[in-house]
Amino acid sequence: MFDGIVGRQPIFTRSLDLFGYELCFRSAETLRHGGRDDDGRWTDTAHQANAAYQLHDLVGNSRALIRVPPSALATCGEWTWPKSQAVLALPMDAVRDRAVDSLAERLAAEGFMIALRNASGDPASLRSLADYVSICSLDAGGMMALQQDWRRRNDPGLHLMIGKLETP
């Protein structure tokens, strides 16, 4: 039984085609008291959602971007959802932890797409840090500082995703 909610927000490409949805999991307990789930509760809620819903019912044939707490990354490999549709989004600092980095690299080799949130630096330095990363995500406010470097040094295998855009 699933005791919580799954929120979803669309993610569009530059040409406004649907890339996928960001999925957010919240337990009923957290909903009653407000705030966010701690890592343990997030893991339980994500597993319940995985058991209760087919990923196709949540995102169709598109991708599901899921912000995973680094401490919960190991449990993502247990999901029954298609790995080819799941994008595991980690905070930038998480890949500086050797255990998290190794686990993320293994999950990428198993078919998950890995995204870094709040990425900073040029693509070459990001590649040297974690070459298995496919998407770098940052908020629109931080985009101007990175935009010129990104265009000049673009790595075709590394995509930039901008969040918190409120208008076309």
Take L88 and L107 through the side chain to side chain contact (heavy atoms under 4.5 Å, CB included) test and state the conclusion after the steps.
CA-CA 9 Å; L88 307 178; L107 290 170; 4.0 Å; yes
So which pairs with a foot in residues 51-67 pass side chain to side chain donor-acceptor pair (under 3.5 Å), sequence neighbours left out?
E22-R67, H56-N61
Residues F2 and A52: closest non-hydrogen pair is CB-CB, 3.6 Å
Would you find a donor on one side and an acceptor on the other, under 3.5 Å apart, between the side chain of N50 and the backbone of T80?
yes
W81 and V59: CA distance, side-chain angles, deciding distance, side chain to side chain contact (heavy atoms under 4.5 Å, CB included) verdict
CA-CA 11 Å; W81 289 339; V59 301; over 6 Å; no
Could you tell me which residues satisfy salt bridge (charged side-chain N to carboxylate O under 4.0 Å, His left out) with R98, sequence neighbours excluded, listed by chain and number?
none
For residues 99-115, the side chain to side chain donor-acceptor pair (under 3.5 Å) pairs (sequence neighbours left out) are D101-Y132, R106-E110
Determine whether L55 and L23 satisfy the following criterion, side chain to side chain contact (heavy atoms under 4.5 Å, CB included), listing intermediate values before the conclusion.
CA-CA 10 Å; L55 191 58; L23 299 183; 4.0 Å; yes
side-chain hydrogen bond (donor to acceptor under 3.5 Å, both in side chains) against D44, all qualifying residues, sequence neighbours excluded
none
In chain order, what residues pass the side-chain hydrogen bond (donor to acceptor under 3.5 Å, both in side chains) check against E78, with sequence neighbours excluded?
none
Within-4.5 Å side-chain heavy-atom neighbours: I135 and M113
yes
Test of understanding: with side chain to side chain contact (heavy atoms under 4.5 Å, CB included), list the residues that count as partners of A28, not counting sequence neighbours.
D3, R32
Those residues that, when tested against R8, pass salt bridge (charged side-chain N to carboxylate O under 4.0 Å, His left out) (two or more places apart)
none
Tightest non-hydrogen contact, residues V100 and L90, listed as CG1-CD1, 4.4 Å
Point-to-point distance, once rounded to the nearest 0.5 Å, from CE of M92 to CG of L116:
5.5 Å
Is there a path of hydrophobic side-chain contacts, each under 4.5 Å between heavy atoms of I/L/V/M/F/W/Y residues, joining L58 to F12?
yes
For D39, all residues meeting side-chain hydrogen bond (donor to acceptor under 3.5 Å, both in side chains), sequence neighbours excluded:
S71
Sequence neighbours left out, what passes side-chain hydrogen bond (donor to acceptor under 3.5 Å, both in side chains) with S84? Give chain and number order.
none
Test of understanding: clusters of I, L, V, M, F, W, Y form through side-chain heavy atoms closer than 4.5 Å, transitively. Do L18 and V6 belong to the same one?
yes
Who are the salt bridge (charged side-chain N to carboxylate O under 4.0 Å, His left out) partners of R41, not counting sequence neighbours?
none
Suppose the criterion is ring pair (Phe, Tyr, Trp, His ring centres under 6.0 Å): which pairs have a residue in residues 14-38, not counting sequence neighbours?
F25-W42
Heavy-atom closest pair, residues Q85 and G60:
NE2-O, 3.0 Å
Provide the closest heavy-atom pair for A108 versus I114 in the form atom of the first, atom of the second, distance.
CB-CG1, 3.8 Å
F112 meets the ring pair (Phe, Tyr, Trp, His ring centres under 6.0 Å) criterion, sequence neighbours left out, with none
Indicate yes or no: at least one non-hydrogen side-chain atom of D97 is less than 4.5 angstrom from one of P70.
no
